[in-house]
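Labels below follow one simple rule: chain letters A, B, ... track the order of the sequence lines, proteins then strands, and each chain is numbered from 1.
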Amino acid sequence: DTGVSQNPRHKITKRGQNVTFRCDPISEHNRLYWYRQTLGQGPEFLTYFQNEAQLEKSRLLSDRFSAERPKGSFSTLEIQRTEQGDSAMYLCASSLLAGPTDTQYFGPGTRLTVL
Amino acid sequence: AQTVTQSQPEMSVQEAETVTLSCTYDTSESDYYLFWYKQPPSRQMILVIRQEAYKQQNATENRFSVNFQKAAKSFSLKISDSQLGDAAMYFCAYRTRLNDMRFGAGTRLTVKP
């Protein structure tokens, strides 16, 4: 059973650069979620997809953040013009919409450091 | 807006003993789901237990059980017969009707041998 995978696991970048992270959900999961987790805090919801449709994106932190899931499988999260405050762990989760529970399973995360 | 509060930043328990982690939440919704997730050091988040708000019976999963008090908006996690592998950050979470999860700030659990 393959879980949620994320790449890269670590990313170090200079302020002002663009970065892109990838998430591969559990096979056949139709929902995919992105979260940000800063040190000592719980994850903070950013956006989610059902298949290829982005159903909620109002919680994206700014217009520098964008996410795609073009074929309803993997997803990418892009941060443009990175700032030091963007340094955090970015988590992806997936779920299968089948009944009311819709439990989310998390990936290992991508740790971003902006210098 | 829904918020989740975990009032215990850190907890400690002796191996084989029982510990209870607290969680309260605020919502105006009547139907929702609550979760406890475990995040071991440098490892990914793992689901521990979930509770549907419309169910009165408290959920249990082996050594893990919850005390769900809907009127009080309280959702505590009890870990029985604590093991060294239970040491982790524990996050309480509320799933909104828009399907985003609201997490508390977490409780760091230490298990002493």
A/R64 CZ: over 12 foreign heavy atoms closer than 6.0 Å: yes
Atom NZ of B/K73 with >12 non-hydrogen neighbours under 6.0 angstrom: yes
A/L115 atom CG, neighbour heavy-atom count above 12 within 6.0 Å: yes
Residue B/R63 excluded, over 12 heavy atoms near CZ under 6.0 Å: yes
Value rounded to 0.5 Å, distance of OG1 in A/T103 from OH in B/Y33: 9.5 Å
Test side-chain contact (heavy atoms from CB on, under 4.5 Å) applied to A/Y35 and B/F103, step by step: CA-CA 11 Å; A/Y35 293 84; B/F103 286 83; 3.8 Å; yes
Largest heavy-atom contact set with chain B, pairs under 4.5 Å, which of A/G109, A/G107, A/G40: A/G107
Nearest atoms (heavy-atom pairs only) where B/Q44 meets A/P108: CB-CA, 3.7 Å
Spacing of CE belonging to B/M89 relative to CD belonging to A/Q41, to within rounding of 0.5 Å: 8.5 Å
Contact origin within A/R111 toward chain B - heavy atom pairs under 4.5 Å: neither
Interatomic spacing from CE in B/M45 to CD in A/Q37 - rounded to 0.5 Å: 5.0 Å
Check: B/Y37 ring centroid to A/F106 ring centroid under 6.0 Å: yes
Atom NZ of B/K70 with >12 non-hydrogen neighbours under 6.0 angstrom: yes
A/E68 CD: over 12 foreign heavy atoms closer than 6.0 Å: no
Neighbour count >12 (heavy atoms, 6.0 Å) for atom CG, B/D31: yes
Which atoms of A/L91 approach chain B - backbone, side chain, both or neither, heavy atom under 4.5 Å: side chain
Interface moiety of B/Q39 toward chain A, non-hydrogen atoms closer than 4.5 Å: side chain
